[in-house]
Amino acid sequence: MNPSDLYARLRETVLAALAQIVPDLPADVAARVEITSTRDPAHGDMATNAAMVSAKAARQPPAKIAAALVQHLNAAPEIASAESAGPGFVNLRLHSSAFRALLPIILASGEAYGDATTGTGTKVNVEYVSANPTGPMHIGHCRGAVVGDALANLLGKAGFEVTKEYYINDAGAQVTALAWAAYWRYLQAVGSPMTEHEFAEEVPGGLQYRGEYLIEVGKTLAARFQASLATPDLGIASPEIWLDTVKDLTIEAMMTEVREDLRLLGVQQEIFSSERALVASGAADAIIEKLHADGLIYEGVLEPPKGKTPEDWEPRPQTLFRSTDFGDDVDRPLRKSDGSNTYFANDIAYHADKVSRGYDVLIDVLGADHGGYVPRMKAAVRAISQDAVKFEAVLCQIVHIMRGGQPVRMSKRAGTYVTLRDLLEEVGKDAVRFTMLTRKADAQMEFDLDQVLATTRENPVFYVQYAHARCRSVLRAAAEMFPGTPIADQDLAKTSVDTLAGDPELTLIRRLALWPRTVEAAALAREPHRIAFFLYDLAGDFHMLWNRGKDDATLRFLQPDQPAETLARLALVAATAVVIRSGLAVMGVTPVEEMR
RNA sequence: GCGCCCUUAGCUCAGUAGGAUAGAGCAACAGCCUUCUAAGCUGUGGGUCGGUGGUUCGAAUCCACCAGGGCGCGCCA
């Protein structure tokens, strides 16, 4: 139980009372007892379903249990009144002092307010981005990066021991194609007479990456190796001579770019794991060996997929993993026909590595197009960990960039696609991060460049930042109005807040009281977007309170001739700012001190 | 054909581990600036929660089926 969570405290009170009424209450029933905030103020501040959920186990009608609960709860110190209502709800009205008492707690805790113990003792690995190092990060990678980063922060706030990880997909055909593309830029740099068309004719699978971002890599290669990677007449040399060298350098150059993109986005992952290194270490073969020993591998022939059989389909014996034993639809191949490992085989080895590092939960943040991949990975993690480790996937749907109501077309081939760098330069890190979190991850989203920069309520980034800036502005003005009076958060934590009794004030405080359970619920649901919506609502409550000062000057926060009243109001303002900062920290957004 | 995700106000979306009369923003309409920043605030109208059944004291939420949209389905990663 989190002592700074008012709702959690009341739940304990209700459970204690319920235990007196129903002595042998089963634990699973007790677990279903909830305290919710009420939608209708006529129902009080909070309501509990305790009587309804325990009725069956207690063999008593809900109304009877509710009546008994009311008696017990009316004796609780924080509760002003309890009454039964509707089908068996018990509505609770708290003394407003119970809410006010949160302000000193918030101010003393600072941004740690809302920290939960839900995840204490659970080690979680969150893997995200994991883009192929084949070019600059684009908008498609960005959502996963932000969602993953915010989710990791959120889990950390909820008490989980979190590791942020990036899996570099630097093995396989894609990076070989990349190396060929970089080699082309190298040949250009050393003055090869070949045309792009002539070169492309010689590339197995064709020249796939034509973006200009490889020109620099080509120049670097030329500077370091002169013409030694080409034939004497500056044509294509045998791949044995150059492929590994070019691949190494190109991947390194791409990863440097990716890391810089991530840095600009405010993403800092602790671990970068390389697929190439994994393959080189023989880990994939080792894990296949182990699964074989466990009887989970066999040679078999898969049925062709129904409905859409590929042209060149032919039955072929393959090395298959019994993923169907662990809930997958079909068994999955681990080796290609040429004997090399599939991506899946390498990925099993990678996740086995994560399992061996002692995590209890592995979360992969993936693009929605990887949805079909999830069941087999889930199966694999169950198999290699003997069900001890849980694998979860958070799928991010596609993002459409909009400008002036029109979609911004992206063409990788033409090199006109929107890079993350472009986006960051145009709207800034904080707006990108916040906006990416204003939708559920698994819902498609439109990223409207005009709206993200708008300074209106329509733009949640602005609206929340504005609320924080207003809080800070009030505190700055207060420092001038009352020179010599200490008004740091720690000072305001000691001030009396008894005078805060108006409806808008209490509405705001109630919202602040919801922060801990918002964190907890969002973390358990793996939904960082809930933080953004909470902050938007909180900002709305604050702006409303602020505007009351327009109609009635006595309701303004700063009252020059009433220092005690002012200090109480400053405590509320400061606590609001604390919670906004606490939420923005989860989102990885920097709070602003003033709007300009 | 199969699997996963989605469908809530005219538009874009929330809906807190099944709770009471389903909420915001935009758009529409009506108000509020000698101010701690009006970059904002207040109010009004607008809904058979895709459809039909089921479970339950109680369903937008859970289950089944159906319709519509998206993604995926051996040697791509």
Side-chain angles (χ1 to χ4, degrees), chain A residues 31-32 34 36-40 42-43 47 49 52-53 55-56 61-62 85-89 91 130-132 134 169 171-175 275 301-308 310 312-316 318 320 328-330 332-333 335-340 342-344 346-347 367-375 395 397-398 438-440 442-446 448 451 454-460 462-463 466 469-470 473-478 481 514 517-518 520-522 524-525 527 529-530 533-534 536-537 540 543-544 546-551 553 556-559 573 594-595:
Chain A
R32 288 171 56 212
E34 300 178 335
T36 52
S37 54
T38 55
R39 196 173 288 141
D40 184 344
H43 297 146
N49 60 355
M52 289 179 286
V53 298
K56 198 167 277 183
F89 287 104
N91 292 333
S130 301
N132 287 325
T134 53
N169 292 142
Q174 293 303 316
V175 287
E275 184 185 0
V301 180
L302 287 177
E303 294 287 312
K306 297 273 191 323
K308 207 182 85 177
D312 57 348
W313 175 269
E314 56 184 44
R316 182 176 26 243
Q318 287 176 297
L320 299 172
D328 200 2
D329 302 323
V330 291
R332 305 290 179 174
R335 294 228 162 89
K336 304 176 191 174
S337 52
D338 66 2
S340 66
T342 59
Y343 178 80
F344 180 46
N346 290 341
D347 215 11
D369 54 346
H370 289 65
Y373 188 70
V374 174
L395 299 178
Q397 280 284 355
I398 198 162
T438 55
R439 291 284 181 275
K440 270 186 301 212
D442 56 9
Q444 286 188 27
M445 106 177 270
E446 289 187 359
D448 189 325
Q451 185 187 311
T455 53
T456 65
R457 178 165 191 170
E458 212 179 332
N459 177 7
F462 165 78
Y463 194 65
Y466 189 30
R470 274 186 157 171
S473 164
V474 170
L475 290 166
R476 281 193 300 271
M481 190 178 285
L514 283 168
R517 64 189 346 236
T518 300
E520 197 168 338
L524 288 175
E527 291 185 341
H529 76 277
R530 292 192 194 185
F533 283 93
F534 173 84
Y536 185 72
D537 290 340
H543 287 307
M544 182 212 260
W546 168 290
N547 272 79
R548 299 241 314 167
K550 290 188 186 309
D551 301 329
R556 291 179 192 165
F557 296 119
L558 302 181
Q559 301 294 329
V573 170
E594 57 183 327
M595 307 300 289

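These numbers come from a predicted model, not from an experiment. Here is how names work: the chains are called A, B, and so on, in the same order as the sequence lines, proteins then strands, and each is numbered from 1.
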With rounding to whole Å, what would you report as the distance between [N] and [M] at their [atom1] atoms?
N: B/U56; M: B/C4; atom1: P; result: 25 Å
N: B/U21; M: B/G10; atom1: C1'; result: 24 Å
N: B/G18; M: B/A27; atom1: P; result: 36 Å
N: B/U16; M: B/U7; atom1: P; result: 13 Å
N: B/U44; M: B/G23; atom1: P; result: 13 Å
N: B/A77; M: B/G53; atom1: P; result: 49 Å
N: B/C29; M: B/A22; atom1: C1'; result: 24 Å
N: B/G15; M: B/A20; atom1: P; result: 15 Å

Need one value for [X]: base, sugar-phosphate or nothing, where a base atom within 4.0 Å counts as base even if backbone is also close, heavy atoms only.
X: A/Gly371; result: nothing
X: A/Arg470; result: sugar-phosphate
X: A/Asn169; result: sugar-phosphate
X: A/Tyr463; result: sugar-phosphate
X: A/Ala47; result: base

What is the distance from atom [atom1] of [X] to atom [atom2] of [Y], rounded to the nearest 0.5 Å?
X: A/His43; Y: A/Phe89; atom1: NE2; atom2: CZ; result: 8.5 Å
X: A/Gln451; Y: A/Thr438; atom1: CD; atom2: OG1; result: 7.5 Å
X: A/Tyr536; Y: A/Arg457; atom1: OH; atom2: CZ; result: 4.5 Å
X: A/Asn49; Y: A/Glu34; atom1: CG; atom2: CD; result: 5.0 Å

Counting side-chain heavy atoms from CB outward, which of [options] is closest to [X]?
X: A/Met544; options: B/C41, B/C36, B/G74; answer: B/C41
X: A/Gln397; options: B/C5, B/A20, B/C36; answer: B/C5
X: A/Ala173; options: B/C71, B/A77, B/U37; answer: B/A77
X: A/Pro87; options: B/A77, B/A39, B/C57; answer: B/C57
X: A/Phe462; options: B/A39, B/U37, B/A77; answer: B/A39
X: A/Asp329; options: B/G3, B/G19, B/G74; answer: B/G3
X: A/Asn547; options: B/C41, B/C36, B/A39; answer: B/C41
X: A/Gln318; options: B/G3, B/G74, B/A77; answer: B/G74

Can you check the [X] [atom1] to [N] [atom2] distance for me, whole Å?
X: A/His370; N: B/C71; atom1: NE2; atom2: C1'; value: 12 Å
X: A/Lys336; N: B/C76; atom1: NZ; atom2: P; value: 5 Å
X: A/Tyr373; N: B/C71; atom1: OH; atom2: C1'; value: 17 Å
X: A/Arg32; N: B/G19; atom1: CZ; atom2: P; value: 11 Å
X: A/Asn346; N: B/C76; atom1: CG; atom2: P; value: 13 Å
X: A/Asp328; N: B/C73; atom1: CG; atom2: P; value: 14 Å
X: A/Glu275; N: B/A77; atom1: CD; atom2: P; value: 8 Å
X: A/Arg332; N: B/A77; atom1: CZ; atom2: C1'; value: 15 Å

With the criterion being N/O to N/O and under 3.5 Å, what pairs connect the protein with nucleotides 13-17 of chain B, and how long is each?
unit_1 : atom_1 : unit_2   : atom_2 : d
B/C13  : O5'    : A/Arg439 : NE     : 3.2
B/A14  : OP1    : A/Lys440 : N      : 3.0
B/G15  : OP1    : A/His529 : NE2    : 3.3

Would you say A/Trp546 places a side-chain N or O within less than 4.0 Å of OP1 or OP2 belonging to B/U37?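 Checking A/Trp546 against B/U37: no side-chain N or O falls below 4.0 Å of OP1 or OP2.
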Considering residues at least two apart in sequence or located in another chain, which fulfil the side-chain contact (heavy atoms from CB on, under 4.5 Å) criterion with [X]?
X: A/Asn132; answer: A/Thr134, A/Asn169, A/Gln174
X: A/Ala454; answer: A/Thr456, A/Asn459
X: A/Val301; answer: A/Pro315, A/Pro317

For [X] and [Y], indicate whether the former's side chain and the latter's backbone hold a donor-acceptor pair under 3.5 Å.
X: A/Thr518; Y: A/Leu514; result: yes
X: A/His543; Y: A/Tyr466; result: no
X: A/Thr38; Y: A/Ala47; result: no

With the criterion set at under 5.5 Å between ring centres and under 30 degrees between planes, would B/A20 be stacked on A/His43?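 Here the ring of A/His43 and the base of B/A20 are stacked, with centres under 5.5 Å and planes under 30°.
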Planes under 30° and centres closer than 5.5 Å, is that true for A/Phe89 with the base of B/A20?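 Stacked: ring centres under 5.5 Å, planes under 30°.
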Between A/Arg476 and A/Glu594, is the side-chain contact (heavy atoms from CB on, under 4.5 Å) condition met? List the steps. CA-CA 10 Å; A/Arg476 281 193 300 271; A/Glu594 57 183 327; 3.6 Å; yes
Taking the side chain as everything from C-beta on, heavy atoms only, tell me whether A/Val374 gets closer than 4.5 Å to A/Leu395.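 In short, these two side chains touch, coming nearer than 4.5 Å.
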Does A/Leu320 form a side-chain contact (heavy atoms from CB on, under 4.5 Å) with A/Gln318? I'd like the steps, not just the answer. CA-CA 6 Å; A/Leu320 299 172; A/Gln318 287 176 297; 4.1 Å; yes
Given RNA chain B, 5'-ward residue of the pair A/Ile398 and A/Phe344, judged by closest heavy atom: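 The answer here is A/Ile398.
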Return the 5'-most residue of the pair A/Ser473, A/Met52 with respect to RNA chain B, ranking by each residue's nearest nucleotide.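 It is A/Met52, whose closest nucleotide lies nearer the 5' terminus.
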Close N or O pairs between protein and nucleotides 24-29 of chain B (under 3.5 Å):
none

Counting a pair only when it is Watson-Crick or G-U and both distances are under 3.5 Å, which runs of at least 3 such pairs involve RNA chain B?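 The stems are B:1-7 with B:67-73, B:10-13 with B:23-26, B:28-32 with B:40-44, B:50-54 with B:62-66.
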Give me the atom names and distance for the closest heavy-atom approach of A/Pro62 to A/Gly88.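 Between these two residues, the closest heavy atoms are CB-CA, 4.4 Å.
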What class does the angle between the rings of A/Tyr373 and A/His370 fall in, given that below 30° is parallel, 30 to 60° is tilted and above 60° is perpendicular?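 Because their plane-to-plane angle is over 60°, the rings of A/Tyr373 and A/His370 count as perpendicular.
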